[in-house]
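Notes follow the structure.
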Amino acid sequence: MQYRPTDIEPKWQQRWAEAGVAEIDVTAPGDKLYMLNMFPYPSGDLHVGHGRNYILGDALYRFFRMRGRAALNPMGWDAFGLPAENAAIKNQIHPRQWTLANIQRMKKQFARWGILYDWSKEIASCEPEYYRWNQWLFLQLYKRGLAYRGTAPVNWCPQDQTVLANEQVVDGRCERCGALVEQRELSQWFLKITEYADRLDAGLDTLEHWPEKVKLMQRNWIGRSLGADVDFPVPSVGHPIRIFTTRPDTIYGATFMVLAPEHPDVPKMIADAHDREEIEAWITTVRNQSALERQESGKEGRFTGKYAINPFTNEEIPIWLGNFVLPQYGTGAIMSVPAHDQRDFEFARQYGLPIRIVVKPAGGDGVEPNDMAEAFTFKDESGVSVNSGPIDGLPVPKAIEKIISIIEERGLGKGTVRYRLRDWLISRQRYWGTPIPMLYCEKDGLVPVPEEELPVRLPLDVPFTGREGNPLAKTPEFIEATCPRCNGTARRETDTMDTFVDSSWYFLRFVTPRDESKIFDSEVVNRWLPVDQYIGGIEHAILHLLYARFITRTLHDMGLIAFEEPFTRLFNQGVITKEGYKDANGAWVSPSEVEWRDEKPYRGGEALTAEVTKMSKSRLNVVPPDELIAKFGADTERVYTLFIAPPEKEAAWSDEGVIGAYRFLGRVWHMGVVLSGAGPASGPEKPAAEAAAAPQVIRKMHQTIDAVTSRIERFEFNTAISALMEFSNVLAEAPSREPYEALLKLLHPFAPHATEELWEMLGNEGLVLTSTWPVADRALMQEETAIIAVQINGKLRGQVEVPAPAEEQRVMDAVFSNEKIQTWITGKEIVKKIYVPGKLVNVVVK
RNA sequence: GCGAAAGUGGCGGAACUGGCAGACGCGCUGGACUUAGGAUCCAGUGGCCCAAAGCCGUGUGGGUUCGAGUCCCACCUUUCGCACCA
């Protein structure tokens, strides 16, 4: 009986589906465990790179099931978004139809991988049953002042014809399409995430089971800075200008001030300047630049002709405008300390502004400003204040402390905390998203849609032209509305929400997904959440995870949930890469067109370059699972995917490597066939299937149970599988039934179909439903003998074998009663015993 | 520039608190079975050496230790994140 996965896998998938094995009653008692894979955008076909994410989650889920946990493992669809709309424009198919078809396709793929989800909990964010609660959530935030409409310079993607959140702009480009992002001054909807900046930052410390890397990325993104706000009097303007600095200790070295060109006091300041027109033209140029252009044009500035007074030195210092000062951060104004800030230093050198040293190295001498090649930025005890009046001689941290207290005493300002984080821009000028439930009434202004009128349904019959503007804005039936306050005519908001709003709370909906009366049941949610294990890609380290943490806190503050952090454990799997081929123009070439000569890729006569990158459709390097499964089965793909590398690491897909997983399963299969008596033994002598297992097999079995269990818990799937391969190799020498059944159980999370079939073949019933995870007997794991290495004066003298009892003292007794060792040791030598449990035992003689 | 992680055979990778480096798998070499094999099975496979013995081997250079892939110091390289955030 040959191992033919395609003959058996669909059968088991059908049985699991019919039995609803993964469906769980959230009101039933049990040792709850909420597992969650980030719900995907339904883009169509999944490839083996996507598979890694879900296979990993399923292996873990099956493991916890077998250990008796009441595990919830739901799945849904992040179903709003731009690609559906682009498909509508390109192929004249409605976004909804396109999305639902993709969902059907992907659901089949999940099933074909043997992944068990509780489909009774399925949600799709594009359905009114879901997005009405998105709208409800928005109204609650609006009520609390956490959602507001404001005018601000925003990121505009000319390609996608919409505004973007700061988080969606990468290197000055649209994260989605790569187009250069423009700055536009627009009135838009924001969520006040900045109000939670301090709590989002502090909360990171409580996330013990999150990758450090993700926490660090979030911390950097929030960008908490301690410093001081200080007022500098400006006689010519009539009121002081407030600056923010993280280095108030350097205030005696502030020799000029720089304002962002956008600073509100600028027009007044330059009104009587002789070169006003030139300055205004320059300001216009800077304001129209994208963030990227602004940075790439280097440091530029203009002198306003006005002076501020340094409140500590009482000197008049010139006020400049500088393109490197950002209007959105701090107060949009800085005191410049060129000696100790690299940006200020460059600016001062460029425009010949004075440089004054106010910090010198501790225990050393300062330098002359003229000799400086760069700013000296001492941030810790390595720097000491000089030329700074009351703080002279103090190391930097102490100096900061003292100067802030002086600033506060003199009423010049105060110590403050500033954040880099900005409010979350959620308006999108696109169709396929949740309509923002707001109205514009001529009489009453902005009016929220009453909760009982939700959902504001997205109309399905709208024109898709692909030209500028949101299709909703061209749909009068949608726009025309009645004001709930005055019954007069009102205009409906046509912006839709960023799809990251949808995904910022979906994990709360999964426990009571069909509740039509409320967003979720607080009692049930408090029992099941936070999510115990969240699994997804590192690309969401900031965006999704930060938004979800923010929304969770707002719901907590509304009294709807008892916790502030949504995800207890987070795991980020690495991407799967594969070689792709590029022609001279940088265009990707299909692997089917590639010919090999001297191990180098060509197309026709043209030499190609090979590049290993993340699997993606556009790079033509995806491996579709269908073909692979048809040939080797889903179990092979599952085992290979988990075996290929540690799951958090990037892994290179190898078509040849797959065969190793297939062979392994084939050997396990063959052994099962022989043990069950279902087929003839291959060798001349039939193994004694019912005979007692050999001691070395029993030992290996317990060692393997122990290793696989702890490795799964630590996400070391690759070595868990290698331990199973080792066990299978040992077992093949002397097959017997009991250890073989243990092997099947341990293998089940990775290769569920084959193990079910073999389990049944042995006369057992329903592995996934009935069997429990084996437990290792530590006493039986012990090796019977230990090799003792004896070193004398650093040289290996020899090795002897002794019985290996568990306790240290008995090992040592065994060692020193050994005649051979006694003859090596002379009376003069000092004996040092080194006992390493389960490992080599050394005796060192000096 | 700042921050973080990582450098081990031809390849993916193992080695938990320092204790037999290279587990497991791919590939490769030889063999068996075959009309055939890109199926399956067996054996071998870090380097030097015909072989044995032996020596050398975890990015580089130092150090600690009876013993270092693992710890410490300096450096090199790669990847990732942030990037005028005052």
Side-chain angles (χ1 to χ4, degrees), chain A residues 2-3 170-172 211-221 223-225 227 243-248 250 254 258 260 291 294-296 298-299 322-326 328-337 340-344 346-347 374 377 418-422 538 541-542 574 639-640 643-646 648-664 666-667 670 682-683 707 710-711 714 716 718-729 787 789-797 799 830 832 834-846:
Chain A
Q2 278 263 310
Y3 173 47
V170 177
D171 294 334
E212 287 302 322
K213 182 181 171 151
V214 173
K215 287 193 274 185
L216 190 68
M217 282 169 71
Q218 292 218 354
R219 196 157 269 141
N220 290 340
W221 188 263
R224 183 175 197 269
S225 287
I243 59 97
F244 172 68
T245 177
T246 56
R247 293 296 303 278
T250 62
V258 188
R294 185 162 170 164
Q295 188 171 345
E296 280 173 353
K299 285 189 180 51
N323 63 348
F324 69 100
V325 178
L326 304 173
Q328 317 92 312
Y329 185 75
T331 59
I334 61 165
M335 66 174 200
S336 264
V337 185
H340 307 295
D341 182 285
Q342 186 57 27
R343 294 154 301 187
D344 297 349
E346 286 167 25
F347 195 78
E374 58 180 6
T377 54
R418 295 273 182 182
Y419 298 92
R420 205 189 79 117
L421 186 70
R422 303 214 237 297
I538 187 80
I542 294 171
V639 169
Y640 174 67
F643 181 64
I644 184 171
E648 70 280 5
K649 274 190 67 173
E650 189 177 291
W653 186 268
S654 141
D655 291 326
E656 294 83 48
V658 174
I659 197 78
Y662 184 66
R663 283 184 195 143
F664 166 57
R667 282 195 295 271
H670 181 73
S682 62
S710 62
R711 286 171 187 181
R714 283 178 291 170
E716 294 167 5
N718 55 329
T719 52
I721 290 170
S722 74
L724 289 170
M725 289 173 170
E726 280 182 58
F727 179 34
S728 134
N729 291 344
I787 309 288
V790 180
Q791 294 175 28
I792 295 181
N793 293 329
K795 267 283 186 193
L796 187 71
R797 186 65 177 80
Q799 298 188 344
I830 305 154
K832 198 168 148 194
I834 301 166
Y835 172 65
V836 186
K839 283 273 182 181
L840 184 78
V841 181
N842 279 7
V843 175
V844 177
V845 183
K846 222 176 176 177

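Here is how names work: the chains are called A, B, and so on, in the same order as the sequence lines, proteins then strands, and each is numbered from 1.
- Among the atoms of the strands shown, base atoms are found under 4.0 Å from some heavy atom of V325(A).
- With distances taken from any side-chain atom of F643(A) to the nucleotides A86(B), C84(B), G12(B), the minimum falls on G12(B).
- Looking at heavy-atom distances under 4.0 Å, L326(A) makes contact with a base.
- Where E296(A) and T719(A) meet RNA chain B, the nucleotide closest to each residue was compared, and T719(A) sits on the side nearer the 5' end.
- I334(A) contributes atom CD1, which lies 7.0 Å from atom CG of D341(A) (distance to the nearest 0.5 angstrom).
- Interatomic distance, R219(A) CZ to E212(A) CD, rounded to the nearest 0.5 Å: 8.0 Å.
- Between atom CZ of residue R418(A) and atom OG1 of residue T331(A) there is a gap of 6.0 Å, rounded to the nearest 0.5 Å.
- Nucleotide G54(B) has C48(B) as its partner under the Watson-Crick or G-U criteria, with both atom distances under 3.5 Å.
- Each of G13(B), G81(B), C84(B) was ranked by its minimum atom distance to the side chain of K649(A); first place goes to G13(B).
- Between the CD atom of E212(A) and the C1' atom of G3(B) there is a distance of 13 Å, given to the nearest Å.
- Remark: S336(A) is not in phosphate contact with A86(B), judged by side-chain N or O atoms under 4.0 Å from OP1 or OP2.
- Residue K299(A) has its side chain nearest to C84(B) when only C84(B), C26(B), A23(B) are considered.
- Here G13(B) is the nucleotide among A86(B), G13(B), C24(B) with the atom lying nearest to any side-chain atom of N718(A).
- Among the atoms of the strands shown, base atoms are found under 4.0 Å from some heavy atom of Q295(A).
- Remark: U40(B) base-pairs with A32(B). Criterion, Watson-Crick or G-U wobble with two distances under 3.5 Å.
- In this structure, G7(B) is classed as anti because its glycosidic torsion departs from zero by more than 90°.
- For A661(A) against V639(A), the heavy-atom pair with the smallest separation is CB-CG1, 3.8 Å.
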- Note on the structure: 5' to 3', nucleotides 31-44 of chain B under a 4.0 Å protein heavy-atom cut-off (B base, S sugar-phosphate only, - none) gives ---------SS---
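- Remark: C11(B) base-pairs with G25(B). Criterion, Watson-Crick or G-U wobble with two distances under 3.5 Å.
- Atom pair Y329(A):OH and C82(B):C1' shows a separation of 14 Å (rounding to whole Å applied).
- Shortest non-hydrogen contact noted between A541(A) and Q218(A) is O-NE2, 2.9 Å.
- Just one residue in the list V658(A), L724(A), I721(A) forms a side-chain contact (heavy atoms from CB on, under 4.5 Å) with F643(A), and that residue is I721(A).
- The shortest distance between the side-chain N/O atoms of R219(A) and the OP1/OP2 oxygens of C82(B) is not below 4.0 Å.
- One finds a side-chain N or O of N729(A) lying less than 4.0 angstrom from the OP1 or OP2 phosphate oxygen of G25(B).
- The C1' atoms of U77(B) and G61(B) are separated by 15 Å, rounded to the nearest whole Å.
- Residue-to-nucleotide contacts include no donor-acceptor pair under 3.5 Å from the side chain of K213(A) to the base of C80(B).
- Spacing between atom CG of D655(A) and atom P of G12(B) amounts to 16 Å, rounded to whole angstrom units.
- In this structure, CZ of R711(A) is placed 12 Å from P of C24(B), rounded to the nearest angstrom.
- Both distances falling under 3.5 Å, in either a Watson-Crick or a G-U wobble arrangement, occur for no nucleotide opposite G69(B).
- Between F324(A) and F347(A), the two ring planes are tilted [angle within 30° to 60°].
- Base pairing of A5(B) is made with U78(B), judged by Watson-Crick or G-U wobble geometry with both donor-acceptor distances under 3.5 Å.
- Looking at heavy-atom distances under 4.0 Å, G574(A) makes no contact with the nucleic acid at all.
- For the pair W221(A) CH2 and A4(B) P, the interatomic distance rounds to 20 Å; values are reported in whole Å.
- The OH atom of Y3(A) sits 10.5 Å away from the CZ atom of F664(A) when rounded to the nearest 0.5 Å.
- Here G81(B) is the nucleotide among C26(B), G13(B), G81(B) with the atom lying nearest to any side-chain atom of M217(A).
- One P atom belongs to C42(B), the other to G47(B), and the distance between them is 23 Å to the nearest Å.
- Checking G3(B), G13(B), C84(B) against every side-chain atom of N323(A), the shortest atom distance belongs to C84(B).
- For the pair N220(A) CG and A5(B) C1', the computed distance is 14 Å after rounding to whole Å.
- In this entry the distance linking CD of E650(A) with C1' of U78(B) reads 12 Å, nearest Å.
- When Watson-Crick and G-U wobble pairs are counted only if both distances are under 3.5 Å, C20(B) pairs with no nucleotide at all.
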